[in-house]
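Following: one structure in structure tokens, then a few remarks.
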Amino acid sequence: MADYNFQEIEKKWQQYWRDQKVYEVPNESDKPKYYVLDMFPYPSGAGLHVGHPLGYIASDIVSRFKRLNGFNVLHPMGFDSFGLPAEQYAIQTGQHPAITTDENIARYKEQLMALGFSYDWSRELRTSDPKFYKWTQWIFKLIYNSWYNNDTDKAEHIDTLVAKLEKEGNKNINAACDADTPIISADEWNGYSEKEQQLFLLKYRLTYQAETTVNWCPALGTVLSNDEVKDGFSERGGHPVIKKKMPQWSMRITAYADRLLSGLDKIDWPEPIKEMQRNWIGKSYGAEIDFDIDGHDEKIRVFTTRIDTIFGVSFMVLAPESELVPTITTDEQKQAVVEYVEVAKNRSERERMSDAKNVTGVFTGSYAIHPFSGDKIPVYIADYVLAGYGTGAVMAVPSGDQRDFDFAKKFDLPIPIINDAQVLTETEADPTKEGKIINSDFLNGLSPANAIERGIQEVEKRGIGVRKVNYKLRDAIFGRQRYWGEPIPVYYEDEIPKLVPDEELPLNLPKVDEYLPTEDGDPPLGRAKDWSHNGQPYELSTMPGWAGSSWYFFRYMDAHNDGEFCSKKARDYWKDVDFYMGGSEHATGHLLYSRFWTKFLYDLGIIEVDEFAKKLINQGMIQGRSNFVYRFIPDAISYPSEWGNKEKPEKVVEIYISKEFYDAFDDNGIFKAGNSLKAEFINQINRVTKELKDIGIRIAPVDLNREYLVQKLHVDVSIVKDDELIISEFTRGKKDSIVKFVLSDSYKCGWEVEKMSKSKFNVVNPDDLVSKYGADTLRMYEMFLGPIEQSKPWNTNGIEGVYKFLRKFWSLFHEEDTFKVSDEQPTKDELKVLHGTIKKVSEDVDRLSLNTSVSTFMIAVNELSSLKCNKRAILEPMTVILSPFAPHIAEELWHKLGNQTSVVDASYPKFEEQYLVEDSIEYPVSVNGKMRAKISFPADASKEEVEAGALANETIQKWMDGKDPRKVIVVPKKIVNIVV
RNA sequence: GCGGAUGUGGCGAAAUUGGUAGACGCACUAGACUUAGGAUCUAGCGCCGCGAGGCAUGGGGGUUCGAGUCCCUCCAUCCGCACCA
């Protein structure tokens, strides 16, 4: 058979594609546009593993397919190159993160190139490139200079706010702003100093500065995120972490909460992602109600979604941080309350969460007045009430809320029943929304749903509360006390932030001598020399990782424009992403922030779309598939003398046993009593013992009533093939042991699904597979693995099948070693195979069922192979439809077929129905639902003809045992079903 | 606890609208060609049964002439959120 030399082929065509700039696309074209985007990677030091390319391969197939179908396809790639690992490496080694990043990118690019992706590399971008982050800073400025007008429901320039303030103060302004914003008049505003005005505007700006509590680790000299803190200590190094209030840059994403929610309805994204975003935004409808406090002028304002349960309120709970706490605490309770608040303050989020089952709280000594019943109800503080959500206070309904119930039980408070469907146990509340309200005055007899509506109307009527919508979404903290990120384009004049002028952008990341915070606890940028704007100090924190990735998709449209973030012409042409491929782990991060920025840019009229990606597909995560060997250490009682003395032999005897044998041992290494494998095991061990004896080693007879050292060990997956251990390579790495297997000819490893990681020896590197089987095989195999959206363990077993397919395809074009195709007319059978394949593959790619497309190709090639078809009229279109999957082999054969241009410029063949029509159709005929026979009918037979024919059929009649058929069901083209 | 997803041979999986369940591939078995086979080709391959046949899509129930697919219910696994009032 002619040789399919993938190494030569792939190298040749990758070079050709680069030289001929085959994948560069213009920003104008008569063709319709199609924008296929991958989530760009963070270039980590480890390089790509086989999980990364899964999505890239699928999106590459889509973009090649679209291109063959006449679209002008934008398919770019770049790097999310600001990030923590490069900075941590810099702290350890002193190497500038830019150098580390460049090296990693070079490796990534090499790996990506080797897989033959059709990226337009001329548009490559990196978020850490000043030419790129110039525009990230520019967008930051736009957001800073904006406020959110709830009346127009969009962001507006801050000047429109200033104009209103000057004219009539802020009493008529309905805006997204800080909760503590006071109402001021125009006179007050106009009387403010410049500094006062600027400070006031910060309450409205969509990027603002505010005091925020952060986790500060003095030993590491840095801020840590919540997940980097464990039980009050840093995860890395175990240093203590304290809470510290710091001025922090934040973005007012909450202004967009509602639009981020409603926008989900018009984009074609996976439902789980939408659901995660909905949960994250967490919109809930309810009411805020004021409770008077006995003996105080202040009121406790609570938020509730279940006002129907208001007559079930038997106490109130405030968050320990609540401002009301000092005011309403009585002298008798003061000490207990202060102690509790102090403890709560020092508890980390994590402690608080892990301790959720332990109900704690303290009575304040004060009582609230129930707004309807007038009852006095005690007010407690407890840390199960969060200061950050709603009003930081709750009306506790123990019969309907589990947490309130637990609290009531602990503090022996009443648990009034307010619903006739409620069934309480000793330990459980019942939050039912069924039944009718009882014991509730004017709500009695209503369903909970109606009672909620009635309740809200009543509180509004009485002026003690308002209808209210609440969100879980919090504003996004934007500043990071890190070096390797975009500098925030701000300097301070008299402690007021000022924006760096556009013409001075980019504000380049300065050089520093070390990447650690300063002694004063300032971020690393505090080490930079002359880090000031004409003597006014620049901001020291940098932007978070999500800044650059929140708009990069627009930059690809016009990646090298120095005058604009992206030209209007390019934006108008490419508009938005048609197909976005990436992991679901970004559901509430990147994917939400990007939608936020897109909507913002839309409000300012800068772009035409308010959602950046029409369609999103999540590729599944590839997990590792670890292999194991099972080791049994027998007692050696004598060794050859050259091994040294008995106490300290130079070598160890290791016997590898099968997984079944391993499983027969318990955790202590004792053979489970009564296991049926016992005799077999002894037998196998005896055989090994004999072998050992031949080389001068004696081991004690195995006594299965005692304990042995039996271990399950990871074995490197690269020396395992189809779960079978390559024994020669395994023993080569075991120089200090005598290695024996209970079955000497082959050894089957066990396997488990785990995370892919070096320590588990289960990382599979695409480079190894590319050099062994070629990129085309790897591409097709990754698609063949299963549905693209499904997570699955990586398993190299079976890659041979795909490899065999490509070789078979290749051999269709070759006779002996020479390329040979025939110009004869194809037969009907051959045409049928071709057109059936075109039809099926096009449909499959359209619905992204790429695993079945690969199967379709395999079937087609098997059929063509058995038809001995080598006809150009069949093979040429087959080459074209295969090219999105296996571009290198397709390019090679396409050129051998005599074509001068790249196969990507071919047009996708159309299938013709005429070749797919069958002469006759075989109808399976069933009687009473059980299949009995297949009867052939002409393809154009009508339903009636089929029925009549089936009934007339002698065989059927015989089966009916003389009974008359009552009903015959004909399902088009499928089944004739006869019911007796 | 809440939300979402998924359960089909030894394994990865297919079955687009309710219509011959297990396509295709791996592994396995037998055979052919070979000095050889880690190459290639042919055949077999869900389970039980010698067979006819019976049983099979996580378990149980239902709708239907007919259910992997639709409905109810229970179970298992994975993912996300998690004291959100």
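Lettering of chains follows the sequences in order, A, B, ..., and the numbering in each one begins at 1. Bear in mind that the values here come from a model prediction, so they are computed numbers and not experimental data.
Distance check on atom C1': A13(B) versus A21(B) gives 13 Å, rounded to whole Å. Going from the C1' atom of U17(B) to that of C78(B) covers 30 Å, rounded to whole Å. Comparing the P positions of C45(B) and G19(B) gives an interatomic distance of 25 Å, to the nearest angstrom. With both ends at atom C1', the span from G46(B) to U42(B) equals 23 Å, rounded to whole Å. With P as the reference atom, C70(B) and U8(B) are 16 Å apart, rounded to whole Å. G18(B) and U69(B) are spaced 6 Å apart, taking the C1' atom of each and rounding to whole Å. One C1' atom belongs to U6(B), the other to U57(B), and the distance between them is 14 Å to the nearest Å. Comparing the C1' positions of C72(B) and A85(B) gives a spacing of 33 Å, expressed to the nearest Å.
Distances were taken from every side-chain heavy atom of Met276(A) (C-beta onward) to each of A85(B), G80(B), U40(B); the shortest belongs to G80(B). With distances taken from any side-chain atom of Glu275(A) to the nucleotides G4(B), A39(B), A82(B), the minimum falls on G4(B). Closest to the Met858(A) side chain, of the nucleotides A85(B), U40(B), C24(B), is C24(B). Closest to the side chain of Ile859(A), from the set C84(B), C83(B), C24(B), is C24(B).
For the residue pair Gln402(A)/Asp406(A), the side-chain donor-acceptor check at 3.5 Å is satisfied. Ser284(A) and Tyr389(A) are linked by a side-chain donor-acceptor pair at a separation below 3.5 angstrom, with hydrogens and angles left out of the test. Counted by atom type alone, Asn762(A) and Ser626(A) present one or more donor-acceptor pairs between their side chains at under 3.5 Å.
In this entry the distance linking NZ of Lys808(A) with C1' of C24(B) reads 12 Å, nearest Å. Atom-to-atom, CD1 of Ile452(A) to C1' of A85(B) comes out at 13 Å; the value is rounded to the nearest Å. Atom OH of Tyr781(A) is separated from atom C1' of C24(B) by 13 Å (rounded to the nearest Å). The distance from atom CG of Leu591(A) to atom P of G80(B) is 15 Å, rounded to the nearest whole Å. In this structure, Asp404(A) atom CG and C83(B) atom C1' are separated by 10 Å, rounded to whole Å. Regarding Arg807(A), its CZ atom lies at a distance of 14 Å from the P atom of G25(B), rounded to whole Å. At whole-Å resolution of the value, CD1 in Ile281(A) and P in C84(B) are 19 Å apart. Between the CD1 atom of Ile273(A) and the C1' atom of A5(B) there is a distance of 12 Å, rounded to whole Å.
Across all strands shown, G25(B) is found opposite C11(B) as a Watson-Crick or G-U wobble partner, with both distances under 3.5 Å. In this structure, A32(B) forms a base pair with U40(B), meeting either the Watson-Crick or the G-U wobble geometry with both donor-acceptor distances under 3.5 Å. Summarising the base pairing, G19(B) is matched to C65(B) through a Watson-Crick or G-U wobble pair whose two defining distances lie under 3.5 Å. In this structure, C81(B) and G1(B) make a Watson-Crick or G-U wobble pair, each of the two defining distances being under 3.5 angstrom.
Residues Gln623(A) and Gly392(A) both approach RNA chain B. Their nearest nucleotides, taken by heavy-atom distance, put Gln623(A) toward the 5′ side. When each of Asn279(A) and Val802(A) is assigned the nucleotide of RNA chain B with its nearest heavy atom, Asn279(A) is the one assigned upstream, toward the 5' end.
Test Ile57(A), Ile61(A), Leu850(A), Leu882(A) against Met780(A) for side-chain contact (heavy atoms from CB on, under 4.5 Å) and you get one pass: Leu882(A).
Residue pairs meeting the side chain to side chain donor-acceptor pair (under 3.5 Å) criterion with at least one partner in residues 861-870 of chain A, sequence neighbours excluded, are Lys808(A)-Asn862(A).
Under the 4.0 Å criterion applied to side-chain N and carboxylate O atoms, Arg467(A) and Glu453(A) are assigned as salt-bridge partners. Between Lys840(A) and Glu843(A) there is no salt bridge, since none of the side-chain N atoms of the basic residue sits less than 4.0 Å from a carboxylate O of the acidic one.
Residues meeting the ring-ring contact (aromatic ring centres under 6.0 Å, His included) test with Phe411(A), sequence neighbours left out: Tyr380(A), Phe407(A).
The side chain of Asn862(A) places an N or O atom within less than 4.0 Å of a non-bridging phosphate oxygen (OP1 or OP2) of G25(B). Residue Arg474(A) places no side-chain N or O under 4.0 Å from the OP1 or OP2 atom of C84(B). Side-chain nitrogen and oxygen atoms of Lys804(A) include at least one within less than 4.0 Å of the OP1 or OP2 phosphate oxygen of C26(B).
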Nucleotide-resolved protein contact map, nucleotides 10-17 of chain B, B/S/- at heavy-atom distance under 4.0 Å:
--BSSSB-
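The aromatic rings of Tyr803(A) and Tyr4(A) lie tilted to each other, with the angle between the two planes from 30° to 60°.
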